[in-house]
Each structure stands twice: as C-alpha cells, then as structure tokens.
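In what follows, chains carry the letters A, B, and so on, assigned in the order in which the sequence lines appear, proteins first and then strands, with residues in each chain numbered from 1. Just so it is clear, the model here is predicted, and its values are computed rather than measured.
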There are 2 protein chains.
Amino acid sequence: MTAKPAAACRGVSEILSRVGDKWTILVVVAIQSGSLRFNGIKRQVHGISQQMLTRTLKALERDGMVERTVHPSTPPQVEYTLTPLGHSLSDTVRKLADWAAGHHGVIEDNRHRYDAQQAR
Amino acid sequence: MTAKPAAACRGVSEILSRVGDKWTILVVVAIQSGSLRFNGIKRQVHGISQQMLTRTLKALERDGMVERTVHPSTPPQVEYTLTPLGHSLSDTVRKLADWAAGHHGVIEDNRHRYDAQQAR
DNA sequence: CTGCATCCATTCGGATACTG
DNA sequence: CAGTATCCGAATGGATGCAG
C-alpha cells in the first residue's frame, strides 16, 4: 500500500471530491453525535441552505454514509443517522481535522508572508 | 481535541477545500518522491493542464507546502520540492487515501444499488 | 522551459418559490 | 416539516496564445 497505483489515486481523488466539498464534512460532524432531523441539521450547520443540505444528504445516503428513516407522523419526521461506513469516514477525517487544526495557524502565517513578499 | 469548536470546523473546511480540489493531492503525491521540474510534474500527473499545474503549485507554495527553486540556466529550470509541512500533509492524506482505497469498492456498490432503487 | 493572461464551458452554490 | 424545481451569480477548470 506504500505504492500508489493510478487506480487508487483516482479513487482517492473521487473520495476527496465528495468529502472536500463545502458541506459534507460539516453535515457528517453534525450527525455523528446521534440521529438528527432535517431542520435539526440545518440549525446545527450554520449557513447551509436547505437545498445544499438536501443535496449533501442525498449524496451521503447514496454513498451509504447516512441512513434515512421516515417516521410517518404529522407533521412528518425524517431522521438521519450515520452508518458504520459513515462513522468510519468520520474517524478518518477527524485525523485530517486534527492535522488541519494543528497547522492552520502556520499555513495562514505562510500565506500572509507570501502575500507580503509578492507586494514588494 | 475531541470537542469540535466552530473555529476548528472552519479551519478544517478551508484545508479540505484546498486539499480536495481536483489536482492538489495528485501534485503533492507526484512531488513527494523527490524534487521535480515543472514539465516533469506535468508528465507525471496525467491530464492536468499547464495552467492548473501553475495554479496548484502556486497555491501550495503560498501555503508553504512546496518550495520553488529556480536554477538560472538556459533553458531555465525550476525545481519543486515538498517542504516538511508538505510531507506532513502528505502523510496525513495518505491515511485518508488508504481509507478511500479500502472502501471505494463498497461505496461504488452502494451508489449502484441506490441508483437501481431510484429507477424503480 | 516556465509561466502569465485571456476567453469560454461547465459546475457549484445560494435565494426563492412551490408541493406533499 | 421535509423536499423539489428553477433561476442566477460565482467559482472551477480547460484551451489557447503570448512572454521571459
């Protein structure tokens, strides 16, 4: 697995495209603590439009990351829960999150320095 | 670090946007084995346009992930090398890559099943 | 060889309005 | 409450031509 065949690279790129979009991670993080309803997620993930939430949830459901459960009541309730696969992704991403949190300051500093240098 | 403050989430999202774009990871992987020249990278990362390579390298340089060394010769040669920060990112992403490689098949299967279900 | 500028097609993401 | 459909602006990414 130290080698990196082209096929794996494409797969990784595809996963990263999914995961790296604007909302996926935030939604996953919101759900991971337990099941949540549509507007519950919307409240928790501040700034997301309801359409983006719909799209993101659908994509995650399609990938088997979240499970969608409809409770036929009035008003209708829909619960979203992270599947084992979703939790698995969440754990993996958390490591990247830790890295990001740990290096975010350095990176911002680098950017600032770079921009200052360009201005000269 | 088990808690997830909003600030960290934003930072992670920003990092993921960087890393999750179409080419960054592939370029990083290409360079990690050793320093490479511009067209060397272009050859290795198949399908990348030269402008996307320019943009990606610049972004990485700005973030302090790669170092750019110009050898003033004729014709000019420019070497790109991964910095320690870049290697650090590379290692972290490799874990995500392993996850992706390990679950890619399952995810594709899930998608196929979902699509079939929708068609009914 | 390396890199920048321009143009253009496609995609992404947000706001809004409407349905069950 | 949950979800769909439409419109539109912004951003992404590719092709090409030009310059150092």
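Below the 3.5 angstrom threshold, one finds no donor paired with an acceptor across the side chain of A:Gln50 and the base of D:dA2.
Judged by closest nucleotide on DNA chain D, A:Val70 is the one of B:Met52 and A:Val70 placed further toward the 5' end. Of the residues near DNA chain C, A:Arg55 and B:Asn39, the one whose nearest nucleotide (by heavy atom distance) lies more toward the 5' end is B:Asn39. When the nearest nucleotides of DNA chain D are assigned to A:Gln77 and B:Gly47 by heavy-atom distance, the more 5′-ward of the two goes with A:Gln77.
Following rounding to the nearest Å, B:Gln51 (CD) and D:dT16 (C1') show an atom-to-atom distance of 10 Å. Between B:Gln118 atom CD and D:dG3 atom C1' the separation is 13 Å, expressed in whole Å. Atom CZ of B:Arg18 and atom C1' of D:dA11 are 13 Å apart (whole Å). The distance between atom CZ of A:Arg43 and atom C1' of D:dA2, rounded to the nearest whole Å, is 13 Å. At whole-Å resolution of the value, NE2 in B:His46 and P in D:dG14 are 13 Å apart. Distance OH (A:Tyr80) to P (D:dA2): 8 Å, rounded to an integer number of Å. Note: CD1 (B:Ile48) to P (D:dT12) measures 15 Å, nearest angstrom.
There is no path of hydrophobic side-chain contacts, each under 4.5 Å, that joins A:Tyr114 to B:Val70. Criterion: ILVMFWY side-chain heavy atoms under 4.5 Å apart, direct or through other members. Under it, A:Val78 and A:Val45 are part of a common hydrophobic cluster.
B:Leu85 is not listed as a side-chain neighbour of B:Asp63, based on a closest heavy-atom distance of 4.5 Å or more. Side-chain atoms of A:Ile31 and A:Leu57, non-hydrogen and from C-beta on, do get closer than 4.5 Å to each other. Here the side chains of B:Ile15 and A:Ile107 are in contact, with some heavy-atom distance below 4.5 Å.
Using a distance-only test at 3.5 Å, with no hydrogens or angles considered, no donor-acceptor pair links the side chain of B:Ser35 to the main chain of B:Tyr80.
Here the side chain of B:Lys22 is nearest to one of D:dG20, D:dT4, D:dG14, namely D:dG14.
Within a 6.0 Å sphere centred on CD of A:Glu79, other residues, nucleotides and ligands contribute more than 12 heavy atoms. Residue A:His46 places its NE2 atom among 12 or fewer non-hydrogen atoms of other residues, nucleotides or ligands, all under 6.0 Å distant.
A:Thr54 comes within 4.0 angstrom of a base, heavy atoms only. At a threshold of 4.0 angstrom between heavy atoms, the contacts of A:Lys58 are confined to the sugar-phosphate backbone, with no base atom among them. If you check every strand for non-hydrogen atoms under 4.0 Å, B:Arg37 touches sugar and phosphate atoms only.
Here A:Asp109 pairs with A:Arg113 under the side chain to side chain contact (heavy atoms under 4.5 Å, CB included) rule; sequence neighbours left out.
In the helix from C:dC1-D:dG20 to C:dG20-D:dC1, the terminal helix axes, each the rotation mapping four pairs' C1' atoms onto the next four within five end pairs, subtend 30°, rounded to 10°.
The structure places CH2 of B:Trp23 at 9.5 Å from CG of B:Leu53, a figure rounded to the nearest 0.5 Å.
The outermost nucleotides of DNA chain C lying under 4.0 Å from heavy atoms of chain A, listed 5' to 3', are C:dG13 to C:dG20.
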